[in-house]
Amino acid sequence: MRCRILSATLLLAGCGGPLSTLAPSGPVAAEIAWLWWAMLAGAGVITLFVLGLLALAFGRPRETSTRRWTHGLGLWFSLGVLTLLLGAGLVVGERILPRDDGAVTVRAHAFQWGWSFTHEGADGAPVESAGLMHIPAGQPVDILITSEDVIHSFWVPRLAGKMDAIPGRTNRLRLIADSPGVYAGLCAEFCGRGHAGMRFDVQAHADWPPENWPPEPERGRQ
Ligand SMILES: [Cu+2]
């Protein structure tokens, strides 16, 4: 019993922390977390259903219709599940797309093995930073993502999904931070021996653009 409680505690502990998709801190990340929970619930129901069928198989022999199994379960059941998944994925995917609504843009440039960021300062001039990206809190921000060498992937789990950084191409990702603070980010695509250390932070500011650079941290990492 003690072992079960310990296992459950360890499993639940994995759902939190600064790099957890399941602790969203903005509407884009919340949509993704919702999809994750919906898929987990669906997978749970299907697992129970299959276990039920397995229990039936161990029961006494009975007359069954081959057509019911091949068409009902093999075809319609699978098609129903896949259609639901596809529909939910399309709805969530459409909701989190960047839109042409005048959102603040910040550039994120990946290289082996680090990140540099550029955003507009208070005087309109570009401001560069390394390893720390500045964004406004409470409003949509579009990240324009590029790479210098190989394919990397930009990921701030508590604010949005992943987006590849591809040499010669600019990809766009929308993220929104509900409140000011520091959020952890990382490269989510293996890119060489320094990949594991390719971390960065995102600082969301209440005032935008901040008056003085470099700005003072507003709160510790969330
Ligand atoms: Cu990497």
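Just so you know, ligand 1 is whichever comes first in the structure, and atom 1 is the first atom listed for that ligand.
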Is there side-chain contact between Ile176 and Pro140, with at least one heavy-atom pair below 4.5 Å? yes
Give a yes/no answer: is there an N/O/S atom of His152 under 2.8 Å from the Cu ion (ligand 1)? no
Between His119 and Trp208, what is the ring plane arrangement, given parallel below 30°, perpendicular above 60°, and tilted in between? tilted
Candidate pair Gln203 and Asp201, rule side-chain contact (heavy atoms from CB on, under 4.5 Å), full reasoning: CA-CA 6 Å; Gln203 182 159 15; Asp201 281 328; over 6 Å; no
Take the Cu ion (ligand 1) as the vertex and measure to ND1 of His195 and SG of Cys191; round to 10°. 120°
What distance do Cys187 atom SG and Phe154 atom CZ have between them, rounded to the nearest 0.5 Å? 11.0 Å
What does the angle at the Cu ion (ligand 1) come to, between atom SG of Cys187 and atom O of Glu189, rounded to 10°? 80°
